[in-house]
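Atoms within a ligand are numbered from 1 in the order they appear, just like the ligands themselves.
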Amino acid sequence: MHVLLLGGTTEARRLAELLDAGSPGLRVTSSLAGRVAAPRRPPGQVRVGGFGGVDGLARWLREHDVDALIDATHPFAETISFNAAHAAALTHTPLLALRRPGWVPVEGDDWLPAGSLEEAAELLPTLGSRVFLTTGRTGLAAFADLDELWFLVRTVDPPGAPHPRSMEVLLERGPFRLDRERELLRRFRIDVLVTKDSGGAGTEPKLVAAREAGVPVVVVRRPPVPEGVPVAAEPAQALAWLAGHTDGEVGQGS
Ligand SMILES: NC(=O)c1ccc[n+]([C@@H]2O[C@H](COP(=O)([O-])OP(=O)(O)OC[C@H]3O[C@@H](n4cnc5c(N)ncnc54)[C@H](OP(=O)(O)O)[C@@H]3O)[C@@H](O)[C@H]2O)c1
């Protein structure tokens with residue numbers, strides 16, 4: 001049995017590890033987009049780079065005899081998830097989306113929802129002047145015209161233009177610790193935080209630090225999972241789904 005695992009997330013790597021450790025009858029190929037210069041590679045077979053849209057992915061599924069497709073990409077990787085849904089339908093390949101749940105505000109949080117990065121940028125001037133921007137390297141253009149604001153931008157790889165005129169870049173990869181997040185807010189006198197609703201424990205401490213410091217958080221809402229695609233919230237659920245599509249070959253060695 002051959003499973004294609006669309007990755008680029010902690011959960012995708014974790015699922016690849018679980019399958020690698022406990023499913024002798026199963027062949028897994030993890031697919032990475034190739035955005036990050038030095039990605040953390042999952043165990044097993046790995047391919048890197050785009051497929052060439054829906055048709056390219058459908059061709060890949062056929063040519064490599066893929067029996068099941070798991071879309072474990074980031075909740076904001078909208079295009080590849082759309083492509084996966086369409087290519088799976090074209091090729092009659094069972095598809096599961098593995099999506100970590102979004103964050104939920106608790107008492108003391110001051111969250112403002114935004115429908116997009118552009119909407120988040122519109123909100124910012126009313127909220128603060130020293131922004132901690134954690135929405136990633138590729139969406140900086142949305143904030144490029146906010147000349148009155150100062151930005152602390154945290155990304156894995158250096159961002160390119162267009163980007164805010166006044167900014168400092170922190171090149172760091174999660175998970176992040178609470179004490180470090182508290183220190184960043186203090187040291188850079190941050191008065192507003194911007195994040196995608198990525199979910200997950202690895203990047204959650206910034207939300208706790210913001211709550212403690214009374215810093216408002218602009219939370220960009222996630223796009224929906226394509227209609228009709230079943231969703232697993234964690235790798236163990238994806239294993240159970242796979243077992244149902246692979247005659248129980250999953251997890252026998254674990
Ligand atoms: N968006 C985020 O905030 C975010 C955050 C952390 C990690 N990531 C990870 O970074 C990758 C790219 O994210 P994105 O938002 O740029 O994606 P995207 O906008 O949904 O996808 C753009 C194109 O990149 C290619 N692609 C994306 N994910 C791929 C994968 N796993 N394997 C092979 N090709 C892939 C596809 O190219 P073709 O059409 O040529 O197939 C896709 O059409 C994803 O794997 C995602 O899990 C994204």
Side-chain angles (χ1 to χ4, degrees), residues 2-16 28-42 44-64 66 68-88 90-91 93 95-100 102-103 114-118 120 133-143 153-157 159-160 171-176 194-204 206 218-226 229 231-232 235 238:
H2 188 194
V3 177
L4 177 62
L5 179 53
L6 302 173
T9 58
T10 308
E11 290 72 20
R13 217 171 38 250
R14 179 70 191 128
L15 180 57
V28 181
T29 304
S30 292
S31 175
L32 304 176
R35 297 278 189 286
V36 176
R40 291 181 181 137
R41 285 174 81 91
Q45 215 164 313
V46 178
R47 68 165 296 288
V48 181
F51 295 92
V54 174
D55 292 341
L57 179 54
R59 200 175 319 118
W60 204 97
L61 293 173
R62 284 197 192 98
E63 285 176 358
H64 294 81
V66 173
L69 175 60
I70 297 188
D71 169 17
T73 58
H74 190 270
F76 282 80
E78 203 172 357
T79 307
I80 187 70
S81 293
F82 173 90
N83 291 357
H86 282 259
L90 279 175
T91 56
T93 308
L95 166 66
L96 175 78
L98 172 56
R99 289 284 182 286
R100 58 178 95 130
W103 290 311
S116 62
L117 292 176
E118 289 71 22
L133 189 56
T134 63
T135 49
R137 179 170 60 100
T138 52
L140 288 187
F143 304 90
V153 175
R154 182 162 65 191
T155 57
V156 176
D157 289 321
L171 296 180
E172 288 181 349
R173 190 186 336 227
F176 301 106
V194 187
T195 180
K196 291 175 175 171
D197 180 15
S198 300
T203 53
E204 196 175 11
K206 65 188 170 191
V218 180
V219 182
V220 181
R221 275 193 294 264
R222 33 170 89 183
V225 173
V229 177
V231 179

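- Considering only non-hydrogen protein atoms, atom 13 (O) of ligand 1 sits nearest to Ala77 CB, 3.9 Å.
- Between the side chain of Arg100 and the backbone N or O of Ser198 there is at least one donor-acceptor pair closer than 3.5 Å.
- The closest approach between Leu57 and ligand 1 stays at or above 4.0 Å for every heavy atom of the residue.
- Classification of the Trp60-His64 ring pair by plane angle, with boundaries at 30° and 60°, yields parallel.
- When side chains are defined from C-beta on, Pro75 does not count as touching Asp197, because their heavy atoms never get closer than 4.5 Å.
- The atoms of ligand 1 that sit less than 4.0 Å from any heavy atom of Gly49 are 33 (C), 34 (N).
- Residue nearest to atom 28 (N) of ligand 1, selected from Gly8, Ala33, Gly53: Ala33 (by heavy-atom distance).
- Val156 places none of its side-chain heavy atoms less than 4.5 Å from the side chain of Arg137.
- When the heavy atoms of Val36, Thr73, Asn83 are ranked by distance to atom 43 (O) of ligand 1, first place goes to Asn83.
- Counting heavy atoms from C-beta outward, Leu171 and Thr155 have side chains that approach closer than 4.5 Å.
- Of all atoms in ligand 1, numbered sequentially from 1 with element shown, those under 4.0 Å from a heavy atom of Gly50 are 34 (N), 37 (O), 38 (P), 40 (O), 41 (O).
- Annotation: Leu6 places no N or O atom under 3.5 Å from an N or O atom of ligand 1; distance criterion only.
- Looking only at heavy atoms of the protein, atom 19 (O) of ligand 1 is closest to Thr79 OG1, 3.7 Å.
- Nearest non-hydrogen protein atom to atom 48 (C) of ligand 1 is His74 CB, 3.4 Å.
- Thr91 is linked by a side chain to side chain contact (heavy atoms under 4.5 Å, CB included) to Ala58, Leu61, Arg62, Thr93, counting only residues two or more places apart in sequence or in another chain.
- Between Arg41 and Val48, some side-chain heavy-atom pair lies under the 4.5 Å cut-off.
- Nearest to atom 3 (O) of ligand 1 by heavy atom, out of Arg47, Lys196, Arg35, Arg137, is Lys196.
- Comparing Ser81, Ser198, Gly52, Ala84 by heavy-atom distance to atom 38 (P) of ligand 1, the nearest is Gly52.
- Of the possible polar contacts, none joining the Arg59 side chain to the Gly52 backbone as a donor-acceptor pair under 3.5 Å is found.
- Of all the atoms in ligand 1, the ones that sit under 4.0 Å from a non-hydrogen atom of Ser31 are 30 (C), 31 (N), 32 (N), 33 (C).
- Those atoms of ligand 1 that come under 4.0 Å of a heavy atom in Glu78, given as number and element, are 20 (O).
- Donor-acceptor pairing under 3.5 Å is recorded for the side chains of Ser81 and Arg99.
- Taking only nitrogen or oxygen atoms, main chain and side chain alike, Gly7 reaches within less than 3.5 Å of ligand 1.
- Protein heavy atom closest to atom 36 (C) of ligand 1, with residue, atom name and distance, is Ile80 CD1, 3.9 Å.
- Residue, atom and distance of the protein heavy atom nearest to atom 41 (O) of ligand 1 are Phe51 N, 2.6 Å.
- Side-chain contact between Leu4 and Phe51 is present, with at least one heavy-atom pair separated by less than 4.5 Å.
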